[in-house]
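Take a look at the structure set out below.
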Amino acid sequence: MPEFLALSEAVSRYVPPDSSVALEGFTHLIPFAAGHEIIRQRLTGLTLIRMTPDLLYDQMIGCGCARKLMFSWGGNPGVGSLHRLRDAVEHAWPGPLEIEEHSHSAMAHGYAAGAAGMPCAIFRGYAGSDLTQVNPRIQSIVCPFTGEHLTAVPAIRPDLAIIHAQKADRRGNVLISGIVGVQKEAVLAATRAIVTVEEIVDDLGTAGTNAVVLPAWTIQVIVHAPGGARPSYAHGYYQRDNAFYTEWDAIARDRARFTQWIDEEVRAPRAGAAGAARS
Amino acid sequence: MPEFLALSEAVSRYVPPDSSVALEGFTHLIPFAAGHEIIRQRLTGLTLIRMTPDLLYDQMIGCGCARKLMFSWGGNPGVGSLHRLRDAVEHAWPGPLEIEEHSHSAMAHGYAAGAAGMPCAIFRGYAGSDLTQVNPRIQSIVCPFTGEHLTAVPAIRPDLAIIHAQKADRRGNVLISGIVGVQKEAVLAATRAIVTVEEIVDDLGTAGTNAVVLPAWTIQVIVHAPGGARPSYAHGYYQRDNAFYTEWDAIARDRARFTQWIDEEVRAPRAGAAGAARS
Amino acid sequence: MTYTPTEMMTVAAARALRSEDICFVGIGLPSAACNLARLTHAPGLTLVYESGTIETKPHVLPLSIGDGELCETALTTVPVVEMFQYWLQGGRITVGFLGGAQVDRYGNLNSTVVGPYDRPKVRLPGSGGATEIAAHCGRVFIVMPHDARAFVSKLDFLTSIGHGPTGREREALGLRTEGPTLIVTDLCTMRPDPETHEFEVATLHPGVTQARVSENTGWPVRFMKDLEGTPPPTSGELAALRDLLERTDRAHRRKQDS
Amino acid sequence: MTYTPTEMMTVAAARALRSEDICFVGIGLPSAACNLARLTHAPGLTLVYESGTIETKPHVLPLSIGDGELCETALTTVPVVEMFQYWLQGGRITVGFLGGAQVDRYGNLNSTVVGPYDRPKVRLPGSGGATEIAAHCGRVFIVMPHDARAFVSKLDFLTSIGHGPTGREREALGLRTEGPTLIVTDLCTMRPDPETHEFEVATLHPGVTQARVSENTGWPVRFMKDLEGTPPPTSGELAALRDLLERTDRAHRRKQDS
């Protein structure tokens with residue numbers, strides 16, 4: 001059964017430097033609070049894994065947390081570039097950033113393979129794409145029945161998955177509803193999992209037809225972190241702060257302004273336990 | 001959008017002789033009414049595909065519908081043997097029956113591969129099992145990243161999938177709740193799909209957290225067939241007729257008694273449109 | 001009724017969709033075009049977003065492919081893995097919309113880098129779903145503003161295949177889908193030559209000259225023999241589009257204020 | 001308190017389960033043993049059935065692995081594909097129960113055919129989940145009535161691997177799980193020798209002689225040096241088991257009458 005910890009303790013105990021960490025949440029339920037705690041604890045050398053790096057990884061990369069990024073789409077959704085990610089790749093600021101780049105389908109398959117205890121996944125992918133030229137971890141196999149060449153990618157097996165969910169019950173079972181993304185796969189693919197939640201309840205109840213339940217025995221740590229997905233959204237709790245996503249473009253464009261924002265909004269003492277700057 | 005047809009028309013139009021048909025439903029929601037209609041129409045030469053043949057395939061095999069059976073567990077759950085299946089395999093009665101035998105995991109992976117447009121699935125399967133000696137469609141591939149040998153099985157792509165579900169709405173969207181089995185995969189893997197349903201409703205509503213919705217555009221035919229899963233069960237509608245599962249053992253043991261039962265309970269005019277002998 | 005080039009582009013893209021299409025929608029312009037089609041001539045159009053929402057009917061345009069309203073108004077929502085496995089790769093999607101930073105004459109797209117991959121001048125967002133959308137949707141529509149830096153003679157990086165570097169690679173790659181059949185820009189619409197698969201201008205938007213299209217295209221662009229004018233947006237189309245955008249704007253402002 | 005050999009077998013199997021186990025349950029005897037364990041010494045025991053129900057707490061024993069009550073009382077129910085991929089193959093299950101028509105001294109099982117595969121004397125149900133349960137559960141418990149036709153010197157067909165035909169094949173096959181660690185019969189319990197993996201009798205049920213076990217075993221069965229007697233069922237165990245079976249019987253009769 002998972003432990004119920006404060007966010008700071010969860011991160012200090014389960015995110016050693018140089019480990020691989022997947023903070024997942026597909027647009028919805030992005031675990032900002034946990035990412036901010038990683039920034040506050042000045043962890044470095046991490047391999048950050050995430051299909052859609054989004055503002056959270058822009059912040060973490062800009063703060064020098066990452067040695068390597070594995071991703072498939074690195075933009076500010078509906079706004080434009082992730083300027084800190086670009087600065088790291090284009091100008092090695094604040095340090096060089098190794099990248100392993102995939103398509104969404106490849107990463108989704110990689111997580112599923114990790115969850116299923118497989119060393120790799122096969123799919124029909126990357127047809128004609130130059131990504132196969134720049135990523136040696138895209139290989140192929142031959143179907144023993146049809147002779148077709150199929151694409152193979154390695155299973156994704158992070159040391160740690162961190163996700164944000166709506167609810168946990170007191171035993172540590174977790175409910176995710178709304179857009180469920182790849183969080184179940186990320187948790188089951190990882191060696192360990194931390195789940196931050198909006199609420200801890202007596203009974204998870206039932207939710208929509210697509211809701212996902214993760215049993216307590218698949219999770220190491222539950223953290224009660226209301227607002228922990230802000231400025232992204234938590235279906236049924238709060239909406240996405242679209243204005244902040246737009247503002248971020250200007251903040252992140254400039255190294256000094258970015259650093260000041262991190263100092264004031266994430267690192268300063270008044271940035272509370274939830275760590276969500278605008279919550 | 002699917003057509004709404006009577007069962008007899010659905011079967012006569014969509015089940016040509018010698019085609020491959022998967023009637024799926026994992027213990028729950030077994031499409032007995034549709035299978036009985038196939039018996040009544042005296043279709044032959046079919047390749048019958050189903051993880052757990054159960055009483056329904058025992059009946060269809062005993063009536064000579066099948067040329068070949070692809071399966072992974074052929075028993076009467078909680079009772080014992082399927083005597084008609086055994087008689088076909090052991091004594092070629094009423095005719096020879098080719099079998100392609102797998103494990104549950106292999107068939108589940110095969111359906112998923114079919115649904116995903118893949119020619120094959122890979123998994124960790126059949127370790128040390130003699131099944132690899134008797135089924136040439138169990139092959140292996142080498143993981144290009146670890147060098148491990150992994151098992152490969154062909155995708156399952158039936159000409160037709162037939163399933164039974166709780167509800168369809170008037171546009172033909174389908175809801176399955178309770179134990180969902182492999183029905184979604186079977187429908188998406190098949191070239192065509194017929195869904196028999198307990199009810200046709202204005203609005204599917206929402207169901208438990210694990211319910212499955214199949215959009216109307218994945219289905220060719222909806223048949224209103226209340227009781228269409230009897231003597232298996234339909235979660236929320238009726239329970240499994242356990243007594244009949246037990247009685248079946250005696251009925252199916254004897255060729256003459258079996259034939260009489262089929263004549264009286266399935267083929268006789270009083271065996272109504274739903275075709276469920278005991279409904 | 002006056003209208004902007006972007007409105008013309010959106011309307012022209014919307015018109016290409018049919019009511020029976022199952023459409024994989026990206027964010028931004030494709031989302032506006034798809035929802036406009038649904039609100040006008042193609043009420044049965046099925047919208048699928050890569051976040052897993054199937055048959056969604058948003059009242060306002062989402063700002064990301066994973067907005068809550070997409071899920072609330074969907075027939076069903078599936079995990080992202082399933083979306084790519086059973087729905088996109090499974091061949092259930094009839095049309096996909098794509099864009100990119102660069103497109104070439106064969107409809108190949110770059111959304112990865114400008115400059116060399118290892119020392120990029122501009123690092124772009126990357127593939128996302130595009131590489132497999134390009135391969136697995138029945139056909140692909142490309143929507144991009146017309147500009148010589150975007151409509152290039154040679155891509156810096158091929159992220160997502162159109163008809164391939166010489167226009168003939170799809171079959172050899174085992175692809176059974178049509179690939180890009182339409183490019184819609186703010187100047188014109190383009191269709192591939194049935195033989196060479198080179199995109200040629202099919203219709204010019206009202207007031208646009210051939211010269212202007214040529215100036216804004218990085219290769220010597222061809223015009224079809226039966227080149228026509230794009231019919232201007234009807235008042236119905238414009239009203240529906242503006243209404244949708246206003247509704248969207250109001251909704252998103254309200255969310256931010258709350 | 002008197003009890004039947006089957007009751008002794010069920011109780012002995014139940015005792016091997018720990019509260020922290022995640023247990024893949026088959027139907028019949030394993031189901032009774034697992035639910036008895038949950039009702040007695042292992043209240044935290046997590047039961048998983050291959051039909052997709054996770055952490056189910058049935059009030060009565062199901063008659064099939066897909067009964068409605070399993071779903072109604074489960075924490076969650078997943079598709080069968082997911083059960084085999086993420087849960088069984090993913091290595092989340094600590095113990096699996098298996099049986100079969102034949103078992104050999106190394107705990108290999110046959111549930112496929114008696115006689116040659118192509119001309120079987122008896123066609124058995126086949127693998128079902130067993131082949132992969134045998135490979136992927138942390139450890140496996142085998143429960144079978146003791147009988148020389150079942151405890152054979154050589155299997156007619158190896159459906160599900162125990163420790164392999166010579167007792168040493170698991171590692172070469174890349175399996176990282178323990179394999180069968182316990183056989184429970186109506187006469188005794190057996191454990192594999194740590195070196196050879198040959199199953200030896202560890203405890204004799206009350207009143208059972210070594211000779212009787214030998215007569216009913218198709219190979220020259222060994223007895224452990226520190227052979228012990230199986231503690232008889234306690235009155236608490238028997239009461240819980242009988243109560244469960246009575247409740248099951250009542251419930252299933254009621255369903256049929258309704």
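Below, chains carry the letters A, B, ... as their sequence lines are ordered, and counting in each starts from 1.
Of all heavy-atom pairs between A:Ile179 and C:Gly66, the closest is CD1-O, 3.3 Å. For the pair C:Ser127 and A:His102, the tightest heavy-atom approach, listed with the atom from each and the gap, is CB-O, 4.2 Å. Shortest non-hydrogen contact noted between A:Gly178 and C:Thr77 is O-CG2, 4.1 Å. For the residue pair A:Val182 and C:Val80, the shortest heavy atom distance occurs at CG1-CB, 3.7 Å. Closest of all the heavy-atom pairs between A:Val180 and C:Pro79 is CG2-CA, 3.8 Å.
Contacts between C:Phe157 and chain A at a heavy-atom distance below 4.5 Å involve backbone atoms as well as side-chain atoms. For C:Leu173, the part lying under 4.5 angstrom from a heavy atom of chain A is the side chain only. Contacts between C:Glu169 and chain A at a heavy-atom distance below 4.5 Å are absent for every atom of the residue. Neither the backbone nor the side chain of C:Val113 comes within less than 4.5 Å of any heavy atom in chain A. Contact of A:Phe123 with chain C is made through backbone and side chain together, with heavy-atom distances under 4.5 Å. In this structure, chain C has no heavy atom under 4.5 Å from any part of A:Gln183.
Comparing A:Gly75, A:Gly125, A:Ser129, A:Gly80 by how many heavy-atom pairs each has under 4.5 Å with chain C, the most go to A:Ser129. Residue with the most contacts toward chain A among C:Arg170, C:His136, C:Glu82: C:His136 (heavy-atom pairs, distance under 4.5 Å). Ranked by heavy-atom pairs under 4.5 Å with chain C, the list A:Pro77, A:Ser232, A:Pro53, A:Ala127 is led by A:Ala127.
Scanning residues 106-113 of chain A against chain C with a 4.5 Å heavy-atom cutoff picks out A:Ala108, A:His109, A:Ala112, ordered by number. Contact annotation for residues 81-94 of chain A against chain C (heavy-atom separation below 4.5 Å, listed by residue number): A:Arg86, A:Val89, A:Glu90.
Distance CD/C:Gln85 to CZ/A:Arg124: 13.0 Å, rounded to 0.5 Å. Here the straight-line distance linking atom OH of A:Tyr233 with atom OG of C:Ser64 works out to 6.5 Å at 0.5 Å rounding. The CG atom of C:Leu158 lies 5.0 Å from the CG atom of A:Asp130; values are rounded to the nearest 0.5 Å. If you take CH2 on A:Trp73 and CD1 on C:Ile65, they are separated by 8.0 Å, rounding to the nearest 0.5 Å.
Checking each of C:Met83, C:Glu50, C:Glu132 against A:Ser105 for a side chain to side chain contact (heavy atoms under 4.5 Å, CB included) leaves exactly one that passes, namely C:Glu132.
Residues A:Thr27 and C:Ser51 fail the side-chain proximity criterion, which asks for heavy atoms closer than 4.5 Å.
The pair C:Arg176-A:Glu148 meets the salt-bridge criterion, since a charged nitrogen lies less than 4.0 angstrom from a carboxylate oxygen. The pair C:Arg123-A:Glu101 counts as a salt bridge, with a side-chain nitrogen and a carboxylate oxygen less than 4.0 angstrom apart.
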Point to revise | Stepwise side chain to side chain contact (heavy atoms under 4.5 Å, CB included) check, A:Asn135 with C:Tyr117 | key: CA-CA 11 Å; A:Asn135 182 345; C:Tyr117 185 80; over 6 Å; no
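A distance-only check finds no donor-acceptor pair linking the side chain of A:Ser103 to the backbone of C:Gly128 [under 3.5 Å].
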